[in-house]
Protein chains: 2
Amino acid sequence: MDRRKSQPASPIPPTNVGLRDVAKAAGVSTATVSRAMNMPEVVSVELRERIATAIRDLGWVPHGAARALATRRSGAIGAVFPTLSHGDFARAAEGLQGELTAHGYTLLLGCSQYDLAQEYQLVRQFVEGGVDAIALVGTTHQTELTELLTRRRVPYVNTFNYDPLQQVDCIGPDNRKAMRALANHLIAQGHRRFGVIAQSVQNNDRAAARLQGIRDALAEAGLSIRPNHFTEGRWSIAEGRALFSTIIARNPWPTAIICGNAFLAVGAVLEALSRNIKLPGDLSIVGYDDVEIMRELPVPITTLRVRSDDVGRRAANYLIAALNGRRTDIALECDVEIVERLSSGPPRRRLAAGQHKAFVSGDEGPKRREL
Amino acid sequence: MDRRKSQPASPIPPTNVGLRDVAKAAGVSTATVSRAMNMPEVVSVELRERIATAIRDLGWVPHGAARALATRRSGAIGAVFPTLSHGDFARAAEGLQGELTAHGYTLLLGCSQYDLAQEYQLVRQFVEGGVDAIALVGTTHQTELTELLTRRRVPYVNTFNYDPLQQVDCIGPDNRKAMRALANHLIAQGHRRFGVIAQSVQNNDRAAARLQGIRDALAEAGLSIRPNHFTEGRWSIAEGRALFSTIIARNPWPTAIICGNAFLAVGAVLEALSRNIKLPGDLSIVGYDDVEIMRELPVPITTLRVRSDDVGRRAANYLIAALNGRRTDIALECDVEIVERLSSGPPRRRLAAGQHKAFVSGDEGPKRREL
DNA sequence: TTGTAAGCGTTATCAC
DNA sequence: GTGATAACGCTTACAA
């Protein structure tokens, strides 16, 4: 049972090699070694090579904390996401990390679980850890958080909730505009009764913006969401199913259901399929965010596509630019694209037969809505 | 010798408050402030409170790099995952981060894109950044990597590929054993011809172990995978579909198809459904890893469940224990559970009618395999 | 181009 | 308990 790797104590070479050891070995001063690392072009080729050799021989690895202390730059950039396992945050984190690494920065990552207090704690931990800059999700944070960042002069960006009216920079899609466009699209197709499976607005300004976008579009068309047709969930497919069931339990049905995120939409569609409801003949369902499963389901789902990895990458570049004092020309708003698939279309059954796959289930009699 | 450079009078309040400022304000020495932070019980209550007040008033935030330099501990722990957007790594990362944060550590995260050279680069960057310990995925790494970690005496763990025979500690499931069990389960149900949609073994020892597990089980039963029935992919649903199509294009069909990961399995099942192939009547399909969509599809998918978040948490505790010199009693092997769902069952059509949902597609004539 | 030496902001080892 | 003060390992004027 015991298989701890015992420290091979002795066979290990030098362990505490420092800059001075390298300098000594190369027969130069510590300053020169430092320069050879940070401004090579300023050191003569000969010395550079002698130093390189010494470094290799000694296996020296520079000490980050010491460098950070001296330069007042840690090379670390923090990011706090609500979560990594839902939505597109994992992709954004990957894009962010890739871009940071490409520029020699390192990523400190934290998940707030959609909790503003946790977000603040993480940011504080990062600041103490000495991050040079920070990326946040959304525009709503505890006031202590922004105060801390401002006082310590730590550059930061918000992400995933671009809003032209907002004072502070935020890189990402305009959730409100995007959902408004999607709702308008459905309205243009003739839909008048809308169901909504919203993402919980709790500590989630992106969700709030999306919901507002829907309301905007409906209001402009003189419509509104019946309380009966409004539900709220978080991210699971199971929730999407349950809330979908709730909505269609009331009469009359909406002709279109807008879901606040991808998983809720997947759940709604799967539940519709298992109830033998024809999409989009009987009902249209649309989502937000595009994940692979959405285009692979028996009835692929209409949704809004955001390049989340790009959000991460832009956030990285924004912060790096800020750190270099460069005025950033990075576009804050990220494009959103309506990806139209078979789960939505004009209401009633105006769709030509055979244009969509039908799903037949044996275990429940087909429920039909009243028209 | 006043080393405080006069501040360039700015609108923003104090920015460079340091430990000495706090000390001065509280009328104590820097040593006492430091103690008040790190060993409060050793400082008199009165001073402790005066110090606390001073800290609050000045808004002092300790400087991590300085502390790291003095203590030779950064409080940062690095982790390199192949990716965050496939598999269960996001969950593991979240578990790892949560546990680390709970213990006052901070997480440095990197994605290697399944590339060992990138993995090494990231580890190197982390080591230079001064991480106290590192978590890795898999047991296969560049030799420079382990050399570096050993020389610098940086504790590390491997994850996601426990192997009782391996010399080095690895926290995670025993992929080989798990897949062997799953294959044995299918064999016990009567399957004899197996198709495999393996995950690419390229830089992925977990995938290799899974494949070996399948081969083990088959060999023990005197079986083997026909070259015709063996395919390899990476992670996409689309690939799963394509490879499934490849396999069933050859006769005879296998009676069961084992997929190397969750998404390949989802793709295989969706393709089977769209071809009107009855699961598990005509064919059994199983996967590895349990993601929500697997249990929500019209035909839920049999798979192996691993608590990836737990892998992350255990890795965190393992490293923390190592850093504290505690002998760790953390179990390395993580349990894997076979989750049996409707996508698999005895071969041929021995399943009672109605026990599974049928899927009918209008756009392709049902292809039947030769028996 | 290279060397000298003064910090960078804490912690830790001493005395008191 | 508390206070000087020397590290910690590197960068960076300032000199040479």
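Naming: A, B, ... by sequence-line order, numbering from 1 per chain.
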Closest contact, heavy atoms only, Leu84(B) versus Ala93(B) | CD2-CB, 4.0 Å

Any side-chain heavy atom of Leu108(A) within less than 4.5 Å of one from Leu107(B)?
-> no

Check the distance between dG9(C)'s C1' and Leu58(B)'s CG and give it to me in whole angstrom.
-> 15 Å

Is any side-chain heavy atom of Gln97(B) less than 4.5 Å from a side-chain heavy atom of Leu122(A)?
-> yes

Is there side-chain contact between His141(A) and Glu119(A), with at least one heavy-atom pair below 4.5 Å?
-> yes

With sequence neighbours left out, write down each residue that passes ring pair (Phe, Tyr, Trp, His ring centres under 6.0 Å) with Tyr114(B), or none if nothing qualifies.
-> Trp235(B)

Rounded to whole angstroms, how far apart are CD1 on Ile55(A) and P on dC10(D)?
-> 10 Å

Rounded to the nearest 0.5 Å, the CZ atom of Arg206(A) sits from the CZ atom of Phe160(A) at a distance of 9.0 Å

Determine: side-chain N/O of Thr32(B) to OP1/OP2 of dG3(D), distance under 4.0 Å, yes or no.
-> yes

Taking the six-membered ring for Trp, are Phe81(A) and Phe89(A) parallel (under 30°), tilted (30 to 60°) or perpendicular (over 60°)?
-> tilted

Close residues, residues 34-52 of chain A, relative to DNA chain D [heavy-atom separation under 4.0 Å] | Ser34(A), Arg35(A), Asn38(A)

Give the nucleotide from the list dC8(D), dT2(C), dG9(D) with an atom nearest to the side chain of Ala70(A).
-> dG9(D)

d(CG, Leu69(B); P, dA6(D)) in whole Å | 16 Å

If only side-chain N and O atoms of Arg73(B) are considered, is one of them under 4.0 Å from the OP1 or OP2 phosphate oxygen of dC8(D)?
-> no

Proximity to the side chain of Arg67(A) - top-ranked nucleotide from dA12(C), dT10(C), dC10(D) | dC10(D)

How many Å lie between CZ on Arg152(A) and P on dG9(C), as a whole number?
-> 10 Å

Looking at side-chain heavy atoms only, is the closest gap between Glu99(B) and Ile77(B) below 4.5 Å?
-> no

Kindly state which residues belonging to residues 24-31 of chain A come within less than 4.0 angstrom of DNA chain C, counting heavy atoms of the residue only, listed by number.
-> Val28(A), Ser29(A), Thr30(A), Ala31(A)

Please give, in whole Å, the distance from dT12(D) P to Arg72(A) CZ?
-> 11 Å

Do Pro155(A) and Leu323(A) touch side chain to side chain, with heavy atoms closer than 4.5 Å?
-> yes

What's the CG-C1' distance between Leu19(A) and dG3(C), to the nearest Å?
-> 13 Å

